[in-house]
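Only one structure is covered here, and it is reproduced in the block below.
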Amino acid sequence: MNKPIFIVGSPRSGTSILTWCLGQHSNILVQEESDWLGRFALDVEAAYQSGTHRGERSQLGSLGVQRPEFFNCFGDAINNLVLQHRYERRRIALEEAMATPASDLRLPAFQTERSDSDPKGRWVDGTPEYSFYICGLRKLFPGAVFIHLLRDVKSVVRSMLKFKQTGGPALVENEQQAYDYWLRTVRACFKAERAYGSRVVYRMLYCDLVGDSARTLRLLLDFLQEPYEPACLEPLQHRINSSNVPPDFTPIDPQTGQEVEARQLEAELINDRTPVPPSGAIAAELEAEFEKRVHHNQNVNKYHRRALRKIAALEKQLEQLRCESPGRLKPWQRWMHRRQHLCKSVRSERISPQE
């Protein structure tokens, strides 16, 4: 059954604990964050375009291979690969737990499988960054569903700012970046919900998960069309991957201009829980954004080489100006400013846009 489950939303919103909750279900196999599937979807689209760009004179074009079929072949292969390695996943998890005394996997609540008879016919991946790749993931896995776990922005910002103290990589440098990160991920998830409808993107509140756990997980498993199993509640008895934010920690950044906007979006999503129907127009916007990202990835190296040539030419002209007018500083400053601007542009071109 090619129906994977992706838990999306802002980092520090509880995606890890919800992944482990669902992973205790007899039919759902827990996965580590994968990180690569979203970018892989972009590469598959680029490969399909390359294989069909000359129509019937192209290999895929001459074979009559359609885009959905091409994506489905890779999606089915990935799905089978994941499910066929379930026992390898359990072996690695056990070895990790034994090697790390403080590992969460030592706890009975965190098991990759509870019985050899568990069917484990589908899998769950809690990579928050997939908030930006929902369109591409649906191409690989048309039957996939997405759980948008929404946590209040204040708690997320506090956790992001303290996360580096746990030994993990710093997610943000300041409060403004934290609000921006929350806004970008939550907007992406909400746009996908409006594009594909609430039957594909299920919005779930973190406060419900921790405040009324049994009812919330029952509703979630109903959405997933899986029977309720009490074992899914057990991971909630433990704190994992916590930023350990002190109760009195109150970040105040006078440069933050997005807090009001974030709180307005938060209030809108929390207060209006009406099921959202799919929108063809918004889905088309996501398709256009997906195509733009594919184009960017295909051409970023070309843009980079072109920018480097421009920089080399400007440096040559700058050196000539220095030799011709050693006492005049203003012309060089103008060229230096242009060079710095181009260097900044090159760096930005090397980074794939998140939206």
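Not measured: the values here are computed from a predicted model.
Side-chain atoms of E45 and Q49 include a donor-acceptor pair closer than 3.5 Å. Side-chain polar atoms of Q111 and E234 form no donor-acceptor pair below 3.5 angstrom.
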- Message: What verdict does the side chain to side chain contact (heavy atoms under 4.5 Å, CB included) test give for V186 and H148, after you've listed the backbone C-alpha separation in whole Å, the side-chain angles of each residue and the deciding distance to 0.1 Å?
- Response: CA-CA 8 Å; V186 171; H148 175 200; 4.1 Å; yes
- Message: side chain to side chain contact (heavy atoms under 4.5 Å, CB included) for D152 and C207? Distances and angles first, verdict last.
- Response: CA-CA 8 Å; D152 68 284; C207 60; over 6 Å; no
- Can you check side chain to side chain contact (heavy atoms under 4.5 Å, CB included) on K292 and H295, steps first, answer last? CA-CA 5 Å; K292 183 178 180 180; H295 177 79; 5.7 Å; no
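Annotation for M204 and L220: closest pair SD-CD2, 3.9 Å, computed over non-hydrogen atoms. Nearest heavy atoms, A192 versus L286: CA-CD1, 3.9 Å. Nearest approach of Y206 to S13, heavy atoms of both residues: CD1-O, 3.3 Å. Among all heavy-atom pairs drawn from P11 and V156, the shortest one is O-CG1, 3.5 Å. A pairwise comparison of heavy atoms in P128 and T15 identifies CG-OG1, 3.6 Å as the closest pair.
Within the 3.5 Å criterion, the main-chain N or O of W20 finds a donor-acceptor partner in the side chain of Q24. Checked by atom type and distance alone, the side chain of N27 pairs as donor or acceptor with a backbone atom of G121 at under 3.5 Å. With hydrogens and angles disregarded, no donor-acceptor distance shorter than 3.5 Å links the side chain of Y228 to the backbone of R218. Between the side chain of N79 and the main chain of G75, no donor-acceptor pair closer than 3.5 Å is present. Between the side chain of H238 and the backbone N or O of P235, no donor-acceptor pair lies under 3.5 Å. Judged by distance alone, the side chain of Q258 and the main-chain N or O of Y179 form no donor-acceptor pair under 3.5 Å. For the pair T127 (side chain) and Y130 (backbone), a donor-acceptor distance under 3.5 Å is absent. Judged by distance alone, with hydrogens and angles left aside, the side-chain atoms of S26 form no donor-acceptor pair with the main-chain N or O of D118 at under 3.5 Å. In this structure a side-chain-to-backbone donor-acceptor pair under 3.5 Å is missing from R194 to S279. Looking at S159, its side chain never comes within 3.5 Å of a backbone N or O of S155 through a donor-acceptor pair.
With a 6.0 Å cutoff to the six-membered ring centre and a 45° limit on the axis angle, R138 does not count as a cation-pi contact of F141. Both the sub-6.0 Å distance and the 45° axial angle are not jointly satisfied by R91 relative to the ring of Y87.
Hydrophobic clustering places L219 together with L209 (ILVMFWY residues linked when any side-chain heavy atoms are closer than 4.5 Å, directly or through intermediates). Placement of F74 and V65 within a single hydrophobic cluster is found when ILVMFWY residues are connected by side-chain heavy-atom separations under 4.5 Å, directly or transitively. Criterion: ILVMFWY side-chain heavy atoms under 4.5 Å apart, direct or through other members. Under it, L37 and L83 are part of a common hydrophobic cluster. Both V157 and L269 belong to a common hydrophobic cluster when Ile, Leu, Val, Met, Phe, Trp and Tyr are linked at side-chain heavy-atom distances under 4.5 angstrom. Put simply, I134 and F40 are part of the same group of oily side chains (I, L, V, M, F, W, Y) that touch within less than 4.5 Å, one to the next.
Separating the CD1 atom in I7 from the CD1 atom in I17 is a distance of 10.5 Å, to the nearest 0.5 Å. Note that CZ of R122 and CG of L22 are 9.0 Å apart. Values are rounded to the nearest 0.5 Å. Put simply, OG1 on T112 and CD1 on I92 are 10.0 Å apart, with the number rounded to the nearest 0.5 Å. Rounded to the nearest 0.5 Å, atoms CZ (R90) and CZ (R86) are 7.5 Å apart. Within the model, atoms CZ of F223 and CD1 of I147 stand 5.0 Å from one another, a figure rounded to the nearest 0.5 Å. Atom CD1 of I78 is separated from atom CG of L81 by 8.0 Å, given to the nearest 0.5 angstrom.
Between K139 and F290, some side-chain heavy-atom pair lies under the 4.5 Å cut-off. At least one side-chain heavy atom of L217 sits under 4.5 Å from a side-chain heavy atom of L18. Y202 is not listed as a side-chain neighbour of V145, based on a closest heavy-atom distance of 4.5 Å or more. S10 has its side chain within reach of W182: a pair of non-hydrogen atoms, C-beta onward, lies under 4.5 Å apart. Considering only heavy atoms from C-beta on, E289 stays 4.5 Å or farther from F132 through its side chain. Here the side chains of P227 and H25 are in contact, with some heavy-atom distance below 4.5 Å. When side chains are defined from C-beta on, K154 does not count as touching E259, because their heavy atoms never get closer than 4.5 Å. Using a 4.5 Å heavy-atom threshold, the side chains of E193 and F146 count as separate.
Atom CD of Q59 is surrounded by 12 or fewer heavy atoms from other residues, nucleotides or ligands within 6.0 Å.
For F6 and W123, the ring centers are positioned less than 6.0 Å apart.
Residue D208 forms a salt bridge (Lys or Arg N to Asp or Glu O under 4.0 Å) with just one option from R215, R203, R151, R273, and that option is R273.
Look at R39 and D43 and you find no salt bridge, because none of the NZ, NE, NH1 or NH2 atoms lies under 4.0 Å from a carboxylate O.
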